[in-house]
Amino acid sequence: MESLRVTVRGVVQGVGFRPFVYRLARQHGLSGWVRNTSGSVEIEVEGDGPAVAGFMEEISSSAPPMARIEELSTRPIPRQGHTEFSIIESRPEPGEYQLVSPDIATCGACCQEVFTPGDRRHRYPFTNCTNCGPRFTIIEDIPYDRPLTTMRAFTMCPACRKEYDDPLDRRFHAQPNACPACGPSLALVSANGTPVAAAAGPAGAAARLLGEGKIVALKGLGGFQLACDATDDQAVAALRGRKHRPSKPLAVMMATLEDVGRHCLVSPDEEKLLASPECPIVLLRWRREESSVCAGVAPHLAYLGVMLPCTPLHHLLSREAGGPLVMTSGNLSEEPIAKDNDEALERLGRVADFFLLHNRDIYARYDDSVCLVEQDAPRVVRRARGYAPYPIPLPFDSRPVLACGAEEKNTFCLARDRHAFVSAHIGDVDSEETLEHFEETIGLYRRLFRIEPEVIACDLHPDYLPTRYARRLAAGGGRRLAPVQHHHAHIASCLVENAARTGADQPVIGVAFDGTGYGGDGTIWGGEFLVADLAGFRRVAHLEHVPLPGGAAAIRKPCRMALAYVHTFLGPDYPVGGLPLLGSLDTGEVVVVSRQMERGVNSPLTSSAGRLFDAVSALAGVRGEVDYEAQAAIELEMLADGGAREVPAYPFTVAEQAGCRVVKLADLVAAVVDDVKAGAGAGAVSTRFHRTVAAMIVDVCRAISRDTGIRVAALSGGVFQNRLLFRLAVDGLRQAGFEVLTHRLVPCNDGGVSLGQAAIAGFSH
Ligand code: ZN
Ligand code: ZN
Ligand code: FE
């Protein structure tokens, strides 16, 4: 006879954990009880030694799909004399917190019910169970019980109640449990809010309207989405025009994996990711020749962002629409997505023709996540639905920290103990609306995870709105402010992700390549080699400086960047007439830009790798002006071919200046210009240029390694979203004998910066 007290921590509430334990205990013939506390699930079991051992083994090996066990501890207790196994009442503990599950895609069993005629949930768009459905988006506070969710407005009918109360039912304590008789319902209305008669039901009618080329705004899990037929050029063009999004790629939803295979090349790893409970958008190789998805969905791109349906509503829509649907966030350009019915009708009234509404409130906004598979690993590029607010484990015990993140692609991070709660993607916090969304969401996370921050971390950039917010918060509460250099934060986030393998206190060579980061020395950084750990960093090498004529104007116009490189390295009098995009620039513009640089007016110096990509894109004639971030670099990447390993790199040199290495770019710029003038196509220039940047990374890391003995390199920064460069750099570094640390859990772009800030601040303050 053995008696044990077991404590389980992690995501173990609201995921069917207690009924799972209940069933397992009964299977093994054990007695005792299971209960929720504020911070854990507690179990007492009694029975034969082997039965108890079998029970313990299965707790970890066959836990419910949404459960995430972080910690399982046991201690022997005196014999209690239980006669049966039961689920007993929850025990609240003040100050304790628990992990909150992300929203999870509809499970197979629920899907089956939705598509079974005669089932009481046939075609019911809000079907869910303990293994799937909304969680984070409906929770206002913990403990996770129906009265603290937006489901409190609905009273369960007797049939639903029976499922909810039955420990052997898949819906035992499924807080959002609902059915057509008692749960939320859909309504289809026109853009001015008038109900639309729908004999086929609102979802069926919406699918038909989509087929007719209409734009439909639908209320999804974490906010509104805009949908249209992805094979209809006119519908896609209309959506782009009305949403003010001329060319940034749009995501597409397809009903099944077989459908995805008709439009894209899908590897087994990519299939797994598409069909995972997280159900992200996956960037897939687009078979443009065979695919009926129109070119305007992702102009000039070789990849298509595809997702499978993540709720019964999306399943119904995509099956009935019968073809791929554009599914993009319900906002204008970079505003937060609309989440309430009235708000959506007001803000999206001129974008959508029809609105598919429902009456379950969304508490927290939640964008779709975006992932890709590269170097055999799934990697998140936008982390939201399905992932947040699940924490990233920290390699040390952190005091309570709030890290406010960067300005673009913002996330914030609240840390305590060994948990870093990186928020879902917030967006570009550069307006009043997004700042409000940012502040509200911080409030929600502080409440859910019971974090009262003692240290407020932020970017060094004094004018970022999140930095200003951090200063206000720190000053107001007498909290310590911890400004963190942008690229140090990038590398730190990569270190934290990999800490389980490499430890957190070994310095690495951090390669931080991105568009823009405040350097603190009056220049803008972005092509940086740091020797860094969580405690600090040294800048040991960087790309050569060039002026950024007109500041932000140069970022919008890669042509100006190209002029800056030509001006700097080939001389102010170099004739640009023979170059494709530069040659057609207005002479007035050339004169203005040249003057700005000569006089140093509004022309800060930058070592940005992103700007180097922009300049080469413009020099090669690919793109001179952008309408979304990194467009010029992305389109340049698309033209490169896979043989990049074989081509020789363009020349470059590495010089030593005052203890810091500088990658000199004059030879590179001259060679690119020569190639373009000699008629080498943009594809050839792009291929060779990618090869060159990878060679710079390997050469400089080697040199740093010779000085320091460090053999580990960490790659971070948005430039590494460039899949070709990423591949070449990782391969090159590995061949040179480096261990290479990369991002998987958080984005390499600025969406990962808050994690790095939190780790640095929590580690050393
Ligand atoms: Zn389910
Ligand atoms: Zn019901
Ligand atoms: Fe960055």
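Both ligands and their constituent atoms are indexed starting at 1 by order of listing.
A donor-acceptor pair shorter than 3.5 Å cannot be found between the side chains of His425 and Thr411. Side-chain contact, His690 with Asn722: a donor N or O sits under 3.5 Å from an acceptor N or O. Remark: the His173 side chain and the Gln13 side chain contain no N/O donor-acceptor pair separated by less than 3.5 Å. Side-chain atoms of Thr742 and Arg379 form a donor-acceptor pair, as typed in the model, at a separation below 3.5 Å.
For a distance bound of 2.8 Å, the N, O or S atoms of His486 include one lying that close to the Fe ion (ligand 3). Because the distance cut-off is set at 2.8 Å, Glu408 fails to qualify as a neighbour of the Fe ion (ligand 3), as none of its N, O or S atoms comes that close.
With the Fe ion (ligand 3) as the vertex, OD2 of Asp514 and OD1 of Asp750 span 170° to the nearest 10°.
With waters neither drawn nor counted, the protein N/O/S atoms under 2.8 Å from the Zn ion (ligand 1) amount to 4.
In this structure, His490 and His486 have perpendicular ring planes: the angle between them is above 60°, well past the 30° mark.
Of the possible polar contacts, none joining the Gln175 side chain to the Asp145 backbone as a donor-acceptor pair under 3.5 Å is found.
Ion pair Asp627/Lys248 not flagged as a salt bridge, since none of the NZ, NE, NH1 or NH2 atoms sits closer than 4.0 Å to an Asp/Glu carboxylate oxygen.
Annotation: Phe689 is in aromatic contact with Phe613 [ring centroid separation under 6.0 Å]. Taking the six-membered ring where the residue is Trp, the centroids of Phe438 and Tyr469 are separated by under 6.0 Å. Residues Tyr124 and Phe126 bring their aromatic ring centres within 6.0 Å.
The Zn ion (ligand 2) has Cys157 SG, Cys160 SG, Cys179 SG, Cys182 SG as protein N, O or S atoms under 2.8 Å away.
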